[in-house]
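Below, chain A is the first sequence line, B the second, and so on; all start at residue 1.
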Amino acid sequence: MRRLPMRAKHTIMKTAKNGGIHMKVRVRYAPSPTGHLHIGNARTALFNYLFARRHDGDFIVRIEDTDVERNVETGIKSQMSYLRWLGIDWDESIDKDGGYGPYRQLERLDVYKKYAQILLDKGLAYKCYCTAEELEEERRAQKARGDEQLHYSRKCLGKEDRDAEHAIRFKVPDNQTYTFDDIIKGEVTFQSEDVGDFIIVKRNGIPTYNFACAVDDALMKITHVLRGEDHITNTPRQLMVLDALGFDRPRYAHMPLIVNEQGKKLSKRDGSIVQFIEQYHELGFLPEALFNFIALLGWSPDAKEEILSREALIERFDEKRLSSSPATFDKGKLHYVNNRYVKALSLEETKDLCRPFLEKEGILNGKDAQWFESLIAVFKDRLSYGAEIVGLYRDFFDKPFALEGEALEFLRQDGVKTLLETFKGKLEAQDEIDPDTLKTLIKEAGKETSMKGKLLFMPIRIGVSGQMHGPDLPQMMNLLGKAILVDRLSRAIASI
RNA sequence: GGCCCGUUGGAGAAGCGGCUUAACUCACCAGCCUUUCACGCUGGCAUGCACGGGUUCGAAUCCCGUACGGGUCACCA
C-alpha cells in the first residue's frame with residue numbers, strides 16, 4: 001500500500017451512486033458482542049452516527065457475531081444500552097427492522113451460503129481441506145525458509161471435491177492493484193500479491209469477518225464505511241469479495257487509532273485508562289460530556305469552542321476534519337470537559353449525581369440536608385465527575401491539619417495573631433453556626449483588629465485549613481463545624 | 001521480516017505550497033475582578049513543525065531517504 005502524491009480528502013456522496021441517482025447515505029456500526037462497549041467502539045459508533053445525522057442518512061447497528069467462541073451472552077444488550085445512554089440511537093437494528101434484516105449475522109447464514117456458492121461456481125473460491133495443524137506446519141516451514149510473506153500455499157486449489165470437512169478460501173486474483181480513495185487517508189493502494197488466499201467460510205460453516213462484512217455492506221446498501229484504522233489492511237480483501245460478486249464498493253474512511261499517553265494503542269488490559277463506557281457511567285460521568293469528549297478523539301471542530309452539544313456536533317460534523325494521526329486519550333481533557341457539564345447542572349442535579357458515592361462511603365451518615373447541600377455547593381464548580389466528590393471531601397476533611405511554608409509565613413505577619421485570637425473568641429461565643437453568621441463574625445473580627453482584604457481572609461483561611469487555596473470561606477467553615485474550627489485555630493495561634 | 005499508517009509547544013490539536021510573525025483547547029504563569037479563595041475575564045507561553053537531502057521565487061505543507069512510534073499479516077472481529 002502506498003500513498004499517492006495528492007492527498008485526497010474529497011467530499012463524500014460523489015461516488016455513492018446508483019444509476020446516476022445519489023443514494024441516501026447509509027452507514028453502519030458493526031460490533032461483535034464479545035464484551036462491553038469499549039471507548040474505541042463507542043467512538044466508531046459515534047462518528048457513524050454523526051455522519052448519518054449530518055447527511056440525513058440512516059444509521060444501522062449490525063451485530064457481527066460470527067465468532068461463536070467469543071460471543072458473550074449479555075454483550076449485545078449491554079453495548080446497545082450504553083449506546084443509548086450516550087445518546088446514540090439508530091434507525092435499523094435487531095430491534096428495529098428497516099427492510100434490510102436480519103441484522104444479526106448468525107441469522108443470515110443462508111445468505112452467505114448462497115454467495116459463497118456463487119464464488120465456488122465461478123471458480124473464484126475453492127474448498128480447502130487443510131487442518132489447523134497442517135497450516136501451522138506450513139507457516140513454520142515458510143518462516144524457517146525465510147519467506148517474506150506467509151501466504152497460504154494454495155495446495156488445495158484445484159483439488160477434487162470430496163466429502164470431508166472443509167473451509168472455503170477466496171482465490172485472490174493475480175497481478176491486481178486495489179486502490180480506494182479513503183476519506184481520511186487519501187488514496188491507498190494494495191497489490192494482490194500482498195494478500196494470500198483467505199478463508200471466507202470456516203469449517204463450521206460460519207463466514208469469516210471479511211466475507212460477511214463485505215456481503216452485508218453491499219446487501220444493506222451501505223454507502224460509507226467509517227471504522228478504525230486497524231481495518232485498513234482488511235479493505236483490499238473486502239474489495240475483492242465485492243468485485244467478485246459484482247457489488248458496488250462503499251466509500252471508506254479509516255479513523256486513527258486511539259492511543260494512551262504513552263502512544264500505545266488502547267488495549268483492553270491497559271490499566272492507565274478507564275476503557276469501558278459502563279465504567280464511566282459508574283464513576284458518575286455525564287453522557288453528554290462523554291459524547292462531546294469522544295467526538296474530539298480524532299476529530300476537531302472548525303470553531304473556537306470545543307464544548308459542543310450533540311445537536312451542535314451534528315450540525316458541525318465534517319468528515320474532512322477527521323485526523324489521520326493517532327488520537328491521544330487525554331484524561332485531563334476528559335475531566336475538564338466533564339467538569340464543564342457538571343457546572344451547567346443545577347444544584348439538585350449535582351446532588352443526585354454525587355449522593356450515591358457519598359452514601360456508599362457513609363459520609364452522609366449523621367449529616368443533615370443542609371450540610372449535604374453545602375457540601376455540594378462548595379465543590380460543584382471544581383467537580384470533574386460524581387465519584388470525585390469523595391476524594392474532594394476527604395482531601396478537605398481528612399487531610400491532617402499542618403502549617404508550613406508559605407502559609408505559615410503568612411500567619412507570622414503583624415497583627416495576625418491578634419486577629420485569630422479575636423475571631424476564635426467570637427466563634428466560641430456562638431452556640432450555632434451557619435455560613436451567614438460566620439461571615440458576620442469575620443467582618444466583626446476584621447473591624448476590631450483593623451484587618452481587611454487579603455490580610456483578613458487569608459489568615460482565617462490558613463488558620464482553619466492550613467491551605468492558601470480552597471472553597472468559599474464561610475461555606476467551608478460551616479462544613480467543618482465549630483469544634484474543628486476552634487481546635488485548628490488554637491493550634492494555629494500556638495504555632496505563630 | 002513483508003505490507004501499510006503516522007511524527008507540529010508541557011499536553012490535545014488546527015494547518016493541505018505564499019493570508020503562519022504556526023489557530024484553538026487543556027495545563028502553567030502574570031494581571032484584573034472578588035474585602036479571601038474559587039469562578040470569570042485579559043495577557044504570556046513553539047525563532048519552530050522528528051532528522052537529512054531535494055523540488056520551488058517561496059515548504060510545517062510536495063518528493064526521496066533515515067530514525068522513532070503504531071497497525072496488520074488467523075478457519076478473531
Enquirer: Base, sugar-phosphate alone, or nothing: which one does A:Ala327 contact when heavy atoms must sit under 4.0 Å apart?
Expert: sugar-phosphate
Enquirer: Taking atom C1' in both B:A60 and B:C16, what distance in whole Å separates the two?
Expert: 10 Å
Enquirer: Measuring only the P atom in each nucleotide, how far is B:G58 from B:C5? A whole number of Å is fine.
Expert: 29 Å
Enquirer: B:U21 and B:U47: how far apart are their P atoms, nearest whole angstrom?
Expert: 15 Å
Enquirer: Is any side-chain heavy atom of A:Phe170 less than 4.5 Å from a side-chain heavy atom of A:Arg237?
Expert: no
Enquirer: Distance under 6.0 Å and angle within 45° of the ring axis: does A:Arg227 meet both against A:Tyr252?
Expert: no
Enquirer: For B:C32 versus B:A67, give the span between their C1' atoms, rounded off to a whole number of Å.
Expert: 48 Å
Enquirer: Could you tell me whether the phosphate oxygens of B:A77, OP1 or OP2, come under 4.0 Å of any side-chain nitrogen or oxygen in A:Thr66?
Expert: yes
Enquirer: Does any part of the side chain of A:Glu165, heavy atoms only, come nearer than 4.5 Å to the side chain of A:Tyr129, both counted from C-beta?
Expert: no
Enquirer: Between A:Phe293 and A:Phe329, does the ring centroid distance fall short of 6.0 Å?
Expert: yes
Enquirer: Is it true that A:Tyr280 and A:Asn338 share a donor-acceptor pair across their side chains at a distance under 3.5 Å?
Expert: no
Enquirer: Quick one: the dot-bracket string of RNA chain B, using Watson-Crick and G-U wobble pairs with both distances under 3.5 Å, [ ] for crossing pairs and | for bases paired to another strand.
Expert: ((((((((.[[[..)..(.....]]].(((((.......))))).....[[[[[..)....]]]]])))))))....
Enquirer: Report yes if a side-chain nitrogen or oxygen of A:His469 is closer than 4.0 Å to either non-bridging phosphate oxygen (OP1 or OP2) of B:A38; otherwise report no.
Expert: yes
Enquirer: If only side-chain N and O atoms of A:Tyr209 are considered, is one of them under 4.0 Å from the OP1 or OP2 phosphate oxygen of B:C76?
Expert: no
Enquirer: Taking OP1 and OP2 of B:C37, is either one under 4.0 Å from a side-chain nitrogen or oxygen of A:Arg382?
Expert: no
Enquirer: What interatomic distance, in whole Å, is found between C1' of B:C49 and the corresponding atom of B:U20?
Expert: 11 Å
Enquirer: Could you tell me whether the phosphate oxygens of B:A38, OP1 or OP2, come under 4.0 Å of any side-chain nitrogen or oxygen in A:Arg461?
Expert: no
Enquirer: Distance between the C1' atoms of B:A13 and B:C26, in whole angstroms?
Expert: 11 Å
Enquirer: Is any side-chain heavy atom of A:Val201 closer than 4.5 Å to one of A:Ile206?
Expert: no
Enquirer: Within the structure, does a side-chain N or O atom of A:Lys202 lie under 4.0 Å from either OP1 or OP2 of B:A74?
Expert: no
Enquirer: With a non-hydrogen cut-off below 4.0 angstrom, is A:Asp230 in contact with a base, only sugar-phosphate, or nothing?
Expert: sugar-phosphate
Enquirer: Ignoring hydrogens and geometry beyond distance, is a side-chain donor-acceptor pair present between A:Glu229 and A:His254 at under 3.5 Å?
Expert: no
Enquirer: Tell me the interatomic distance from A:Arg104, atom CZ, to B:A77, atom P, rounded to whole angstroms.
Expert: 16 Å
Enquirer: Using a 4.0 Å heavy-atom cut-off across all strands, classify A:Cys213 as base, sugar-phosphate, or nothing.
Expert: nothing
Enquirer: Please determine whether a side-chain nitrogen or oxygen atom of A:Thr233 lies at a distance below 4.0 Å from atom OP1 or OP2 of B:G71.
Expert: no
Enquirer: Just checking A:Pro326: base, sugar-phosphate only, or nothing, at a heavy-atom cut-off of under 4.0 Å?
Expert: sugar-phosphate
Enquirer: Given the P atoms of B:C37 and B:U25, what is the spacing between them in whole Å?
Expert: 25 Å
Enquirer: At under 4.0 Å between heavy atoms, what does A:His151 touch on the DNA or RNA strands: base, sugar-phosphate, or nothing?
Expert: nothing
Enquirer: If you check every side-chain atom of A:Leu135, which of B:C75, B:A14, B:G6 has the closest atom?
Expert: B:C75
Enquirer: Here's one to test your reading of the geometry: is the NZ or CZ of A:Arg249 within 45 degrees of the ring axis of A:Phe180 and under 6.0 Å from its centre?
Expert: no
Enquirer: Does a side-chain N or O from A:Thr208 land closer than 4.0 Å to OP1 or OP2 of B:C75, or not?
Expert: no
Enquirer: Check whether any side-chain N or O of A:Lys454 sits under 4.0 Å from OP1 or OP2 of B:C37, and answer yes or no.
Expert: yes
Enquirer: Please report the distance separating the P of B:C29 from the corresponding atom of B:C39, rounded so that it comes out in whole Å.
Expert: 11 Å
Enquirer: Tell me, do A:Leu420 and A:Pro459 make a side-chain contact under 4.5 Å, heavy atoms counted?
Expert: yes
